[in-house]
Structures are given as C-alpha cells and as structure tokens.
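Report on the following structure.
Everything quoted here is computed from the prediction, not taken from an experiment.
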Amino acid sequence: MRKFSRLILMMLVIGGFLVVSPQIANAKNGTTPTALRGSWYHNTKVHREVMIIKPHLIVYETYKKHTNHKVKPNTYIGRAHLYSKYVGKGYWQIGLKESDAVSSLKPIKYHGKRVLYQHLGYFGYGHQHILWHRY
C-alpha cells in the first residue's frame, strides 16, 4: 500500500509539472531583455525613427527630421505578439511573434556611448547595420 501511494504521489507531481511548464515558457516569451530597454532613435535622410522598448511592449514612432511632426501613427507590439530570443554572440532577436518581422539587436559601446547595433545583412551577404542611439 505504501509503494502504491508513493507511485500515485509521483505521478501527480510529474503531471502537475507538465501542466505548469508551458505556462512558464509562454510568460518569458513576451518579455524584452533588460539590456535593450529604453528609448532609442536613428536618423535617415528625411525622418527620425524612435523605438521605445519596455518590458512587455515595443513602440515605433516616425517623425520628420527637422520639424518633429509625426509622419506615421505609432506602431505597437504588445505582450501577446512580442517575440524575444537570445541567438548568441550578444544578439537578441525581438519583434513580431510567428512572423519574419524580427530584428537582430546587440547592445554595444560606440565612441564611449551605449548604442544598439541592428544587423541588417541576411544570408551572409553584406555588413549593413543601423546604430540606434539613446533618446
């Protein structure tokens, strides 16, 4: 009887662990890494793009460079659709879950300041990148 009760207890513990495990994994997936959080910007010829990374939210804003008027409405990626994953060598992939709309970002030092290095070269071609500066 004692062996039977231990067997039942072990099965309940293992079953409870299997039920709880996927919920823990989903909770971590909607969170951005602390090294990437903050307000970041980069300039193009005409626009200034601003990216605000919060723990469970990413906001993209686009302004005219010299007048600071918004060009586009804000784009939001909330917790339910947020994807973040460490891919090695300091790079994090963050973006829209279940799509190819992800960015490879790496926090680095550039001229003594913290910047985000966004790698744009795909399939081993080119070394295109964007440097996002603190806003």
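Note: the hydrophobic cluster containing I77 does not contain V59 (ILVMFWY, side chain heavy atoms under 4.5 Å, direct or indirect links).
Taking both residues in full, the closest heavy atoms of V71 and Y63 are given as CG2-C, 3.8 Å, listed atom of the first, atom of the second, then distance. Across every non-hydrogen atom of L36 and P107, the tightest pair is CD2-CD, 3.8 Å. A pairwise comparison of heavy atoms in I130 and L120 identifies CG1-CD1, 3.7 Å as the closest pair. Residues V102 and L96 share a closest heavy-atom pair of CG1-O, 4.0 Å.
Distance CZ/R37 to CG/L57: 11.5 Å, rounded to 0.5 Å. Taking OH of Y41 as the start and CG of L131 as the end, the distance is 10.5 Å to the nearest 0.5 Å. Note that OG of S103 is 11.5 Å distant from NE2 of H119, once rounded to the nearest 0.5 Å. To the nearest 0.5 Å, atom CD of residue E61 and atom CZ of residue R48 are 11.5 Å apart. Here W40 contributes atom CH2 and I52 contributes atom CD1; the two are 12.5 Å apart, rounded to the nearest 0.5 Å. To the nearest 0.5 angstrom, L105 atom CG is 13.0 Å from H129 atom NE2.
Surrounding OH of Y60 are more than 12 heavy atoms belonging to other residues, nucleotides or ligands, all under 6.0 Å away. Around the NZ atom of K64, the shell of radius 6.0 Å holds no more than 12 heavy atoms that belong to other residues, nucleotides or ligands.
Side-chain N or O atoms of Y86 include one that pairs as donor or acceptor with a backbone N or O of G90 at under 3.5 Å. At least one donor-acceptor pair closer than 3.5 Å links the side chain of S84 to the backbone N or O of T31.
Here the side chains of K97 and L82 are not in contact, with every heavy-atom distance at 4.5 Å or above. Contact annotation: the side chain of I94 approaches that of I53 to within less than 4.5 Å [non-hydrogen atoms, C-beta and beyond]. Considering only heavy atoms from C-beta on, K65 stays 4.5 Å or farther from V46 through its side chain.
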Is there a side-chain contact (heavy atoms from CB on, under 4.5 Å) between V115 and I108 once you walk through the steps? CA-CA 6 Å; V115 298; I108 63 170; 3.5 Å; yes

Taking it one step at a time, do H133 and K113 satisfy side-chain contact (heavy atoms from CB on, under 4.5 Å)? CA-CA 8 Å; H133 302 273; K113 296 183 179 178; over 6 Å; no

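Of the candidates E49, H42, Q118, W132 forms a side chain to side chain donor-acceptor pair (under 3.5 Å) with just one, namely Q118.
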